[in-house]
Participant: 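Next up is a structure, given as structure tokens.
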Amino acid sequence: MKKVFVIGCGPAGMMAALASSSIGNEVCIFERNDIPGKKLLITGKGRCNITNVASIKEFVDNTPRNGKFLYSAFNKFSNTDLINFLNKNGLNTKVERGGRVFPASDKSNDVLNFFIKMLRQNNVNIYYNSRVTEILSDGKNVIGIVVNGEKKYCDSIILSTGGLSYPLTGSTGDGYDLAKKLGHTIIELKPSLVPLVTEEDVSSMMGLSLKNINAGAYINNKLIKEEFGEMMFTHFGISGPVILTLSSFIKDYIDKSIIIKIDLKPALSFEKLDDRMLRDFTKYSKKEFKNSLNDLLPQSMIPHIIKMSGISPDKKTSEVTKSERNNLIRLLKEFTLHIRSTRPIKEAIITSGGVSTKEINPKTMESKLIKGLFFSGEIIDVDALTGGFNLQIAFSTGYLAGLNS
Ligand SMILES: Cc1cc2nc3c(=O)[nH]c(=O)nc-3n(C[C@H](O)[C@H](O)[C@H](O)COP(=O)(O)OP(=O)(O)OC[C@H]3O[C@@H](n4cnc5c(N)ncnc54)[C@H](O)[C@@H]3O)c2cc1C
């Protein structure tokens, strides 16, 4: 029996502790907060999108950064394994749009309670208010930790301290420093799945949510990625599911020219939209142009579109020319926003970058530099899109690390 210390009581650390204790190890978790899983509680807007029913290949495809590194982890403990494990031990799940899996109760709290119950059953000790500040090694092997100023000794360590985003949850990036001191390379940390700041002032549309739009991200005028779904305007720019996904593909090129083109009416071709607009313009022919778009667009968007169209708002609708109408249609099919930056990492769903995958054995999650040191979860240089993929990464890598610890 080995003595194993897990640092961090998030999803990765909890799963690692369960797997390690299930093979007979004596396991302790050290958590800096006074409660476990603070970030887990806020996932999926409090509903916890725990995984996805996608195939392993789709999981890898949905992990733009170092997805292939995860093949072994996904194979050893897949989404199906996770769902079976939850269901068999009393947590029912349900599948929603896009294959997203949630607890049947819609409560992330039930997911957390499930893990705490399982950890108790496996006799895992959790020490709260216990911030680990150093990992002790003899240069080749780990030998222990320093926690709250005190040295404690063990055989293996699983570092599961998460990323840098939402630091109030306890994920303040401590693990990167701990790993760096042992010689590990930390790949540049960047925000991912993050709202975007626009050059244009869109604050008048703040709070407006648009469903069923199609948005394309362009870097130096080249289309990089398109997404269909929902987005919203904020006081600084744009956010919402579609925008968060696109952010994953542009975050590395933020110093280049980036634009987001939004098709506000993807179900209508240029011609069909023209027919539709003509009908509206006939209906409102006696009104001013500024009052002719009420059936077509949300109220808070109309002044912005009118300004961009260059058509005088007080012009009679019947006097709007064909070329002005064509410009207007182009505006609705290609509503263009220039991206100045991402929002800061503390507002990102995920931290991109972290401990270099080149220095971790993908079959065991063990460090290639220091024996007995394992990594799991967001601390590793992998990041995925929304849909339950990031939590599955935490669970799969946690399981693999625990099993080999
Ligand atoms: C708002 C939001 C919503 C999200 N929704 C989803 C979703 O629905 N589905 C999904 O798949 N992903 C979601 N994610 C991403 C997901 O939460 C993370 O991928 C996941 O929590 C990573 O797990 P982890 O265990 O690696 O790290 P964390 O959950 O960050 O846990 C790390 C733990 O380590 C502790 N710790 C840190 N440093 C120390 C130290 N020095 N000593 C002791 N303890 C320490 C921290 O306090 C923390 O408890 C969301 C993220 C956010 C911010």
Side-chain angles (χ1 to χ4, degrees), residues 97-98 195-246 249-250 257-340:
R97 184 181 48 84
L196 300 174
V197 182
T198 55
E199 295 288 351
E200 294 81 3
D201 179 4
V202 293
S203 58
S204 62
M205 294 186 279
M206 183 172 101
L208 172 65
S209 172
L210 301 174
K211 293 202 169 76
N212 304 323
I213 54 95
N214 198 69
Y218 292 75
I219 299 172
N220 290 343
N221 285 323
K222 187 166 173 258
L223 178 66
I224 298 297
K225 176 81 181 162
E226 264 185 301
E227 264 305 281
F228 176 82
E230 193 175 342
M231 64 163 284
M232 62 185 282
F233 291 95
T234 65
H235 63 285
F236 53 76
I238 44 179
S239 187
V242 160
I243 302 304
L244 296 184
T245 297
L246 294 181
F249 294 85
I250 59 174
S257 150
I258 299 178
I259 53 173
I260 303 284
K261 281 188 191 171
I262 302 159
D263 184 345
L264 297 164
K265 300 285 171 192
L268 301 178
S269 64
F270 196 96
E271 292 71 28
K272 287 234 166 76
L273 187 53
D274 193 27
D275 290 347
R276 165 74 204 272
M277 210 174 265
L278 268 176
R279 259 184 281 136
D280 284 9
F281 280 15
T282 312
K283 181 173 164 190
Y284 295 112
S285 60
K286 296 207 170 68
K287 301 215 163 175
E288 290 92 26
F289 170 59
K290 67 182 174 206
N291 295 318
S292 68
L293 299 172
N294 293 351
D295 297 352
L296 198 62
L297 293 171
Q299 274 303 321
S300 60
M301 202 167 202
I302 294 173
H304 199 87
I305 293 284
I306 288 182
K307 198 166 153 206
M308 287 175 81
S309 75
I311 305 171
S312 161
D314 297 321
K315 189 172 189 170
K316 275 263 146 25
T317 303
S318 55
E319 288 165 12
V320 173
T321 65
K322 184 164 194 255
S323 112
E324 284 174 328
R325 217 173 57 235
N326 282 346
N327 278 342
L328 193 57
I329 294 170
R330 224 166 282 128
L331 204 57
L332 301 190
K333 296 293 283 175
E334 290 188 358
F335 184 79
T336 301
L337 294 167
H338 296 78
I339 304 306
R340 179 184 298 165

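Both backbone and side-chain heavy atoms feed into the values below; hydrogens, waters and symmetry mates do not. When a residue number appears, it is its place in the shown sequence, counting from 1.
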Participant: If the threshold is 4.0 Å, N to carboxylate O, is there a salt bridge linking R279 and D295?
Facilitator: no
Participant: Just wondering, more than 12 heavy atoms not from M206 lying within 6.0 Å of its CE?
Facilitator: no
Participant: What's the separation between atom OG1 in T245 and atom CZ in F228, rounded to the nearest 0.5 Å?
Facilitator: 13.5 Å
Participant: Could you check whether atom CG of N221 has more than 12 heavy atoms from other residues, nucleotides or ligands sitting under 6.0 Å from it?
Facilitator: no
Participant: For residues S292 and T317, report the shortest heavy-atom separation together with the two atoms involved.
Facilitator: CB-OG1, 3.5 Å
Participant: Measuring from atom CG of L196 to atom CZ of R340, what distance do you get when rounded to the nearest 0.5 angstrom?
Facilitator: 12.5 Å
Participant: So, for S239 and L244, which heavy atoms are closest and what is the spacing to 0.1 Å?
Facilitator: OG-CD2, 4.2 Å
Participant: Is any side-chain heavy atom of I339 closer than 4.5 Å to a side-chain heavy atom of T198?
Facilitator: yes
Participant: Test of understanding: with ring pair (Phe, Tyr, Trp, His ring centres under 6.0 Å), list the residues that count as partners of F335, not counting sequence neighbours.
Facilitator: H304
Participant: Please name all residues satisfying side-chain hydrogen bond (donor to acceptor under 3.5 Å, both in side chains) with T321, sequence neighbours left out, ordered by chain then number.
Facilitator: E324
Participant: Please report the interatomic distance CD1(I260) to CG(L246), rounded to the nearest 0.5 Å.
Facilitator: 5.0 Å
Participant: Under a 4.5 Å cut-off applied to non-hydrogen side-chain atoms, are L297 and L332 in contact?
Facilitator: yes
Participant: Could you measure the distance from the CE atom of M277 to the CG atom of L268? Nearest 0.5 Å is fine.
Facilitator: 9.5 Å
Participant: Identify, with sequence neighbours excluded, every residue that meets side-chain hydrogen bond (donor to acceptor under 3.5 Å, both in side chains) alongside R330.
Facilitator: N327
Participant: Please determine if K333 forms a cation-pi arrangement with F270, meaning its NZ or CZ atom is less than 6.0 Å from the six-membered ring centre and no more than 45° off the ring axis.
Facilitator: no
Participant: Can a donor-acceptor pair be found, under 3.5 Å and without considering hydrogens, that links the side chain of K265 to the backbone of K272?
Facilitator: no
